[in-house]
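Before any comments, here is the structure.
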There are 4 protein chains.
Amino acid sequence: MKKIGVFTSGGDAPGMNACIRAVVRTAVYNGLEVYGIKRGYNGMIKGEITKMESSSVSNIIQKGGTILKSARSTEFRTKEGRQKAYEQLQKHGIEGLVAIGGDGTFTGANIFYEEFGIPTVGAPGTIDNDLYGTDYTIGYDTAVNTAIDAIDKIRDTADSHERVFFIEVMGRDSGYIAIPCAIGGGAEIVMIPEAITSIEAVVNALRAGYDRSKTSFIVIIAEGEVPGNANVVAAKVQEALPNMDARVTTLGHVQRGGSPSGADRMLASQLGIACVEGLLAGRKCEMAGIINSELVYTPFIDTITKDKLISPRLLQMVEVLSV
Amino acid sequence: MKKIGVFTSGGDAPGMNACIRAVVRTAVYNGLEVYGIKRGYNGMIKGEITKMESSSVSNIIQKGGTILKSARSTEFRTKEGRQKAYEQLQKHGIEGLVAIGGDGTFTGANIFYEEFGIPTVGAPGTIDNDLYGTDYTIGYDTAVNTAIDAIDKIRDTADSHERVFFIEVMGRDSGYIAIPCAIGGGAEIVMIPEAITSIEAVVNALRAGYDRSKTSFIVIIAEGEVPGNANVVAAKVQEALPNMDARVTTLGHVQRGGSPSGADRMLASQLGIACVEGLLAGRKCEMAGIINSELVYTPFIDTITKDKLISPRLLQMVEVLSV
Amino acid sequence: MKKIGVFTSGGDAPGMNACIRAVVRTAVYNGLEVYGIKRGYNGMIKGEITKMESSSVSNIIQKGGTILKSARSTEFRTKEGRQKAYEQLQKHGIEGLVAIGGDGTFTGANIFYEEFGIPTVGAPGTIDNDLYGTDYTIGYDTAVNTAIDAIDKIRDTADSHERVFFIEVMGRDSGYIAIPCAIGGGAEIVMIPEAITSIEAVVNALRAGYDRSKTSFIVIIAEGEVPGNANVVAAKVQEALPNMDARVTTLGHVQRGGSPSGADRMLASQLGIACVEGLLAGRKCEMAGIINSELVYTPFIDTITKDKLISPRLLQMVEVLSV
Amino acid sequence: MKKIGVFTSGGDAPGMNACIRAVVRTAVYNGLEVYGIKRGYNGMIKGEITKMESSSVSNIIQKGGTILKSARSTEFRTKEGRQKAYEQLQKHGIEGLVAIGGDGTFTGANIFYEEFGIPTVGAPGTIDNDLYGTDYTIGYDTAVNTAIDAIDKIRDTADSHERVFFIEVMGRDSGYIAIPCAIGGGAEIVMIPEAITSIEAVVNALRAGYDRSKTSFIVIIAEGEVPGNANVVAAKVQEALPNMDARVTTLGHVQRGGSPSGADRMLASQLGIACVEGLLAGRKCEMAGIINSELVYTPFIDTITKDKLISPRLLQMVEVLSV
């Protein structure tokens, strides 16, 4: 293998740039030519492909977002689209790919390999941490820190005005972001998709708190939580507790941005190196991850189909700590 | 005057604690006894009044919110309520008050003086910066920094995904927060209550940007802006630009919290000192403020009735800088 | 066991308050009485012991430092000192202890148990991450983030002025802080106690960088590094490279403070719970830690005598990534 | 005037990029061609001059440092150097300059105008805030916030260990940075060049604090303070107070970097616009500044020769607030 390409795809995550940097520098270190492909599969189809040097990735390790930009591609879901992408890679002599993204990205890479034989090794880039095959995904630690920082700010005003705040955090269908936000944010209640919390349970927890003379509360709600989003939950609880002074905040896209944390830079750097080394070792259709401090490669198919479970112990922690 | 009270009232703002600290220490420095009154006028009525020492305000200068808590009081709007408050003050021998809050707070203090002769000197504590009689209110600088930090994070993802973000910021009926957020956040468009921006103008500005090959945009919308909140604006613009990939974020209560900036700590400290010195000099029904780097006392009635205008030059800056 | 005590000892670390909070609330949750002991073993000797309630630890999870304060105690190293400490515990009926600290703390607890039979379970609280028996210590993640944030700021000016910065970070005799600072800070060179880097090697690396047209560099030096501190290293390198425009910064005690990161709050909360549960399960002279995502109790004697090694792979990463 | 150049010179400061952005976009808005000159006067001499477009300054408003880089130039101090610089400008048809820097920068621009008739309008870019002709310089507000954030972190550990911290902050020959750091950082003592504080006074203030049962202290020392730097001051105080547990931290170059605050982005944007508008209006050898919220142009000669005094009232505030 002499020439490889690298791209980011799916939702952006802090640390993607640190990973791109590691991919480029590891390629250069190993004597490979490396090409940056812009806008994910879309740019691959359109040939937005540029040679990168070591200096192309100077001073980006601290930047949020992705310098290669990201996009979701409907065209790559068609055979014609993938054919075009293949031709573009051929034109540049690119023999292998590093994909930084999530399960959608890896699904595409799997099909692409079957059809055209271009091997891809992937790095898990998503704030949601919902990918099987790694303890943490790139961007997760930063997103949690960003959310907790916001919750700290909200607690200032919650405490001053003795209010109940219903705060919605990101995480798609998973409570991975919500759990540390609740524990680290000192919340009284957390509602996540993996464990149904009834409105009644929320009301009871708040009542019990009021009985213990608590005057302000934080309720963390994962965006994919079943009974509805933060506004809906707050409205229902308000019905049962008409005297409650409630406010709702949806943290939103701030959680996707910002300078990556130290842990995310380390993880992104390690996995970027591992992706290139994996390609050189003949790997394909595998995602590099860290499990129990060890580098592990997991087949894309497993990262897509297997579930990553949240320890029930973590859920119980919220209850103990808000006593 | 031997004994004074201090309280915070209305919406909380970063720097209120720095101001309380300055009030307490200046009182101690001048040989006064100083009492903390909790929960604004409500706590005054209920007698939630405690003697404070210099050490009561140790290590609070950096804290968001207010250690004295804040509340809006309907009871203080009645003669009976104010009578009770007066009796509580009498009980503790409190002869003068320092009120940290906004126009509602000062309105109450005015009536209270007319009826019971207790003088109040006020400090402007509100993130909105919409009070006449001071260039800046306590909390404003911090709120702007917090909002800009959030906008920076959103720009990372806006840029990576080439999206248009409609971001709603606080500010009640004023664009004071929105303007520096737009200029400092590198926004393309700002919509504030003081200057009607039609949906058509927004659409045209975005179209012009797309024509200049811009691919991501930030639109800042003040919460009190006329055509509706960020969701409404985004929906209307989307109609005219169906290909636009838009997202909406309402920054919400994070803007009220957080550790105060250096400028807010300075301002809060200066005004806290000025309030106590004002009381000692026989002032009443006046707000301490800083205008053109000079300490100025303005009658409460002016801070309530007079408007503080935004320079039209600032609005024009957004246009020039987003060229 | 009905009554337990909790204290912090040794160098303070962000997350100690989150750990105290978890200890107190887990104790309350389990029907125990819990006492806060101030100033480590010193306060134990002097009887600075107060009953804590659930509300004693409200709103502290986000605070740096330790509300129980910390100190090193020479008196506790004497039999007489420990006798006095024992009598104070007896007076309050305290039957077990939770110690948040490092190896010095655990050494004392071991002796104390042998002499007086009071069991202690410990939580690793130190920014240095140099304790055997846990993947991460409480405060480490935050200290690394703080240092990297400072390095990011320095890189701005290094890059603008095309300078070489020699930055000294904390870490006692270990490179645990220095390594992620170097990788996450995008440094060109790292010098740690575990691997001798000669001045010649530094000079050669800088020369090679200049040859590749690099114009600014960051060299991270662990405080316990052998050839001397940052000032000494910089002076020696300057001799060999007289045209180098060099600056030295010693990050210092800022690395010990600040609001704990999400990961540190999680770790501190988990270990605080584990300490109380450990005591209840009859454990003594053991430290709670997390290894490979699992809760593990390690005898104090092992945490004191065994070394925790840095993976050589991490060192090599700096070389690859700075190519 | 059809073509202008822009450069940064002297010590870098946060907000310089926001100012460059404003200069470039205002030039484009007014139909001018605008050229970026790298590395200050050095790059002008060497012809490191590139045409800039509106997009050249996209996404830089939030970045610390300066994308045009900065340097001090000895060659420009010679007639030959300036001759070469003039020839380079001629080659590109550049008729006017915007200089972002400090008094050294403006001194050069003055001579350059006298000799070659190229007009320069300047923006005050320095963290030190020691320039006559503007209330605040670009970068000052950010540097103060950065220093206060560091002091907050140090206070956590000072308070936990009951120590005295001697913290040295930047500011060249002025106490402009030290004063708000002391007031905003809750320091007990501040030592600045403008007001001699004897070691005896420091010792007495600490003794008085100990007498009032204070256990931790922060002493802020401006780098240009007379009795010596922080290490010297700490050593002398230690002699008089042998039981004092003291630590020294020199904040150093972190104060120069980081993302600019909202206030600095506003100031930099306003002054960048004003520089271009000044050139278009025929101004030369003048610095744009903001005094009492009004835009003011001050002759370079005044900014170089006149002193900007610190209000003695600010010094007294430290005493009152640390009571």
Most contacts with chain A, counted as non-hydrogen pairs under 4.5 angstrom, among B:Ser259, B:Gly257, B:Ala158: B:Gly257

If you count heavy atoms of other groups shown closer than 6.0 angstrom to NZ of B:Lys214, is the number above 12? yes

Contact part of B:Thr146 toward chain A, heavy-atom cut-off under 4.5 Å: side chain, backbone, both or neither? side chain

Starting at CG of A:Asp149, measure out to CG of B:Asp149 and round the result to the nearest 0.5 Å. 7.5 Å

Is chain A contacted by the side chain of B:Asp159, its backbone, both, or neither, given a heavy-atom distance below 4.5 Å? both

Hey, is OH on A:Tyr136 packed in by over 12 heavy atoms from elsewhere, all under 6.0 Å? no

So OG1 of A:Thr8 and NE2 of B:His161: to nearest 0.5 Å the spacing works out to 8.0 Å

When you look at CZ of A:Arg77, are more than 12 heavy atoms from neighbouring residues, nucleotides or ligands closer to it than 6.0 Å? no

Under 4.5 Å heavy-atom distance to chain A, tell me which part of B:Glu162 shows up: side chain, backbone, both or neither. side chain

Can you tell me which portion of B:Arg39 sits under 4.5 Å from chain A's heavy atoms? Options are side chain, backbone, both or neither. side chain

What are the two closest heavy atoms between B:Asp156 and A:Asp12, and how far apart are they? O-OD2, 3.9 Å

How close do A:Thr249 and B:Leu251 get, counting heavy atoms only, and between which atoms? CG2-O, 4.2 Å

So which of B:Gly65, B:Gly252, B:Ala150, B:Ser70 has the biggest tally of heavy-atom pairs under 4.5 Å with chain A? B:Ser70

Which of the residues B:Arg155, B:Arg72, B:Arg256, B:His253 is involved in the greatest number of heavy-atom pairs with chain A at under 4.5 angstrom? B:His253

